[in-house]
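Sequence lines set the chain letters: A, B, ... in the order given, protein chains first and strands last, and positions in each chain run from 1. In this text the structure is predicted, and so the values were computed from the model without any measurement.
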Protein chains: 2
Amino acid sequence: MVNQEAKTPRERYRAQVRTEIKERAWEQIATAGASALSLNAIAKQLGMSGPALYRYYAGRDELITELVRDAYRSLADTLRAASSRPGADVSTLASALRTWALEDPQRYFLIFGTPVPGYHAPDDITAIASEVMATILDAFAELPPNGTATAFDAHLEEHRDWADGHPAPAATLHRALAFWTRLHGALSLELAGHFTGMGFDPARFYAAELDELTGPKGDGM
Amino acid sequence: MVNQEAKTPRERYRAQVRTEIKERAWEQIATAGASALSLNAIAKQLGMSGPALYRYYAGRDELITELVRDAYRSLADTLRAASSRPGADVSTLASALRTWALEDPQRYFLIFGTPVPGYHAPDDITAIASEVMATILDAFAELPPNGTATAFDAHLEEHRDWADGHPAPAATLHRALAFWTRLHGALSLELAGHFTGMGFDPARFYAAELDELTGPKGDGM
DNA sequence: TCGCGTTCGTTAGAAGTTATAACTCGACGG
DNA sequence: CCGTCGAGTTATAACTTCTAACGAACGCGA
């Protein structure tokens with residue numbers, strides 16, 4: 001984002017090699033998945049041999065963490081950009097999310113897929129995650145309230161720390177949460193191929209889920 | 001299914017070693033994830049060295065495929081058992097699903113988690129998957145219809161092959177589909193730890209999602 | 001312009017992994 | 001009783017991540 005201009009030529013070189021490494025890593029992940037990511041193979045593709053990569057990343061884990069960070073950053077930027085387009089609403093956000101996910105399914109699964117048992121995301125990554133949540137919350141805050149307050153709304157009212165001071169009512173928090181989980185449910189099953197062979201169009205199902213999210217009780221805009 | 005009693009003592013022994021291998025594999029998967037599954041480590045735990053396992057499984061992939069099959073089988077049996085309890089309904093199914101998932105999160109992710117790009121599930125596994133779907137469909141078929149027909153319902157009516165001859169109307173198919181994807185959305189994010197630190201109770205959110213699934217329009221029993 | 005130090009990339013090697021090949025030995029069945 | 005089949009062995013190849021030690025080149029300051 002910032003700081004594109006590095007001071008010393010060595011730093012420039014170093015930064016450039018680091019991004020080249022990540023580019024190759026993304027190629028590998030897109031074709032064979034994150035678990036098949038091989039530092040050796042990346043090094044060979046860059047024309048250098050094996051352990052040279054350790055000058056740039058402490059190991060496989062650090063590289064993957066960096067990739068997760070980039071993926072989150074990309075998602076947050078994509079959603080933020082979509083929400084700031086004129087006339088943007090919740091459905092704009094939803095289709096931006098789906099487009100982003102279809103663009104590189106493995107990138108999506110790197111964030112929302114199977115977790116590694118021991119791993120805990122560093123704080124800066126969770127910060128980006130809450131930035132994504134804030135974008136969704138903003139979009140729902142502009143929608144008129146719908147439906148009656150549920151028991152879960154009351155529970156949410158007592159646990160609204162994650163909204164990070166957002167003034168929206170608990171019902172809105174609830175809708176944003178459902179937006180996230182329902183679209184993730186539809187999207188992740190589609191990307192994982194669980195819909196293949198079922199015949200129906202995943203895009204239409206996604207749209208149907210979105211419809212029910214934006215106005216199940218049938219109040220207009 | 002059948003043929004539990006093996007004829008020759010060698011076959012008995014062979015079957016017993018195969019299940020012992022799978023038991024160790026499940027332990028490894030539960031603690032370190034499926035990607036960390038090591039045939040060598042399993043062999044050592046069984047007191048035999050390395051390549052001996054290849055007498056029982058052609059390789060890592062075949063073992064994992066077998067584990068996926070067992071996981072699906074376990075899920076299908078669990079749901080079927082829950083649905084056949086007296087007084088069982090959709091919410092019985094939902095809580096059975098959640099209990100099963102929490103029992104061993106990595107087993108859940110083995111089925112519904114990040115897909116391996118090249119892999120295609122064998123036919124018998126997809127058969128078990130549709131058995132699960134049938135159980136969900138049966139449960140919803142016993143519920144009174146609710147809500148108005150949506151555009152997606154019409155689309156589903158033309159693509160109801162996956163229901164495998166189930167007589168339920170398209171709206172019911174839609175509800176069963178939403179049951180699957182929404183609960184998966186809530187469940188997978190919870191199991192992956194994306195809710196940790198957000199404060200609210202995942203179980204209550206799950207229940208809220210289920211409530212909206214069983215009767216959003218508010219027709220009771 | 002010249003040296004010197006930082007940093008990059010190399011090869012070598014350890015400790016893992018999956019998987020194959022070849023061999024030994026024991027048990028089961030005719 | 002003996003032959004065959006199969007289980008488990010070691011040896012090996014081809015991978016992987018990652019550490020250690022070495023050489024060379026690059027660029028900064030004098």
Side-chain angles (χ1 to χ4, degrees), chain A residues 5-29 31-68 106 110 114 116-119, chain B residues 5-29 31-68 106 110 114 116-119:
Chain A
E5 318 294 314
K7 299 180 289 277
T8 90
R10 272 200 160 138
E11 279 181 17
R12 281 155 143 274
Y13 177 76
R14 182 176 178 80
Q16 208 248 344
V17 173
R18 275 180 74 106
T19 68
E20 257 178 64
I21 292 175
K22 287 199 286 191
E23 283 171 13
R24 304 298 176 166
W26 280 119
E27 293 172 10
Q28 281 196 12
I29 286 180
T31 62
S35 61
L37 194 150
S38 159
L39 294 191
N40 245 322
I42 294 177
K44 274 175 188 165
Q45 282 182 348
L46 294 187
M48 57 192 189
S49 239
L53 283 204
Y54 288 80
R55 296 273 171 206
Y56 300 95
Y57 292 97
R60 225 184 85 110
D61 286 3
E62 191 181 292
L63 174 57
I64 290 187
T65 296
E66 183 90 2
L67 295 175
V68 171
Q106 289 295 325
L110 202 56
T114 307
V116 180
Y119 181 78
Chain B
E5 317 294 314
K7 301 175 286 278
T8 89
R10 272 196 165 147
E11 279 181 18
R12 281 155 142 279
Y13 177 75
R14 182 177 179 79
Q16 208 248 344
V17 173
R18 275 180 74 106
T19 68
E20 257 178 65
I21 292 174
K22 288 199 285 191
E23 282 171 14
R24 304 298 176 166
W26 279 119
E27 292 172 12
Q28 282 196 13
I29 286 180
T31 62
S35 61
L37 193 151
S38 160
L39 293 190
N40 245 320
I42 293 176
K44 275 176 189 164
Q45 283 184 346
L46 294 187
M48 58 191 186
S49 240
L53 283 204
Y54 288 81
R55 293 274 170 203
Y56 299 94
Y57 291 98
R60 226 184 84 109
D61 286 3
E62 192 181 291
L63 174 57
I64 289 186
T65 296
E66 183 91 2
L67 294 175
V68 171
Q106 290 296 325
L110 200 58
T114 308
V116 180
Y119 181 79

| Do the side chain of B/R55 and the base of D/dG8 come within less than 3.5 angstrom through a donor-acceptor pair of N or O atoms? | yes

| task | Could you state the atom-to-atom distance from OH of B/Y57 to C1' of C/dT18 in whole Å? | result | 17 Å

| request: Please state whether the phosphate of C/dT17, meaning OP1 or OP2, lies under 4.0 angstrom from any side-chain nitrogen or oxygen of B/R60. | output: no

| message | With a 4.0 Å limit, can you tell me whether A/S49 has a side-chain N or O closer than that to the phosphate oxygens OP1/OP2 of C/dT10? | response | no

| request: Mind calculating the distance between CZ (A/R12) and P (D/dG27) to the nearest angstrom? | output: 11 Å

| said: OP1 or OP2 of D/dC15 versus the side-chain N and O atoms of A/N40: is any pair under 4.0 Å? | reply: no

| message | Under 4.0 Å, counting only non-hydrogen atoms across every strand here, what does A/Y56 touch: a base, just sugar-phosphate, or nothing? | response | sugar-phosphate

| query | Is the backbone N or O of B/L39 less than 3.5 Å from a side-chain atom of B/R60, with the two atoms forming a donor-acceptor pair by type? | reply | no

| message | Measuring only between side-chain heavy atoms, which start at C-beta, is A/L63 closer than 4.5 Å to A/L37? | response | yes

| request: Pick base, sugar-phosphate or nothing for A/R10, based on heavy-atom distances below 4.0 Å to the nucleic acid. | output: base

| message | Taking any heavy-atom pair under 4.0 Å as a contact, classify A/L37: base, sugar-phosphate, or nothing. | response | sugar-phosphate

| request: Would you please confirm or rule out a distance under 4.0 Å between OP1 or OP2 of D/dT9 and any side-chain N or O of B/Y54? | output: no

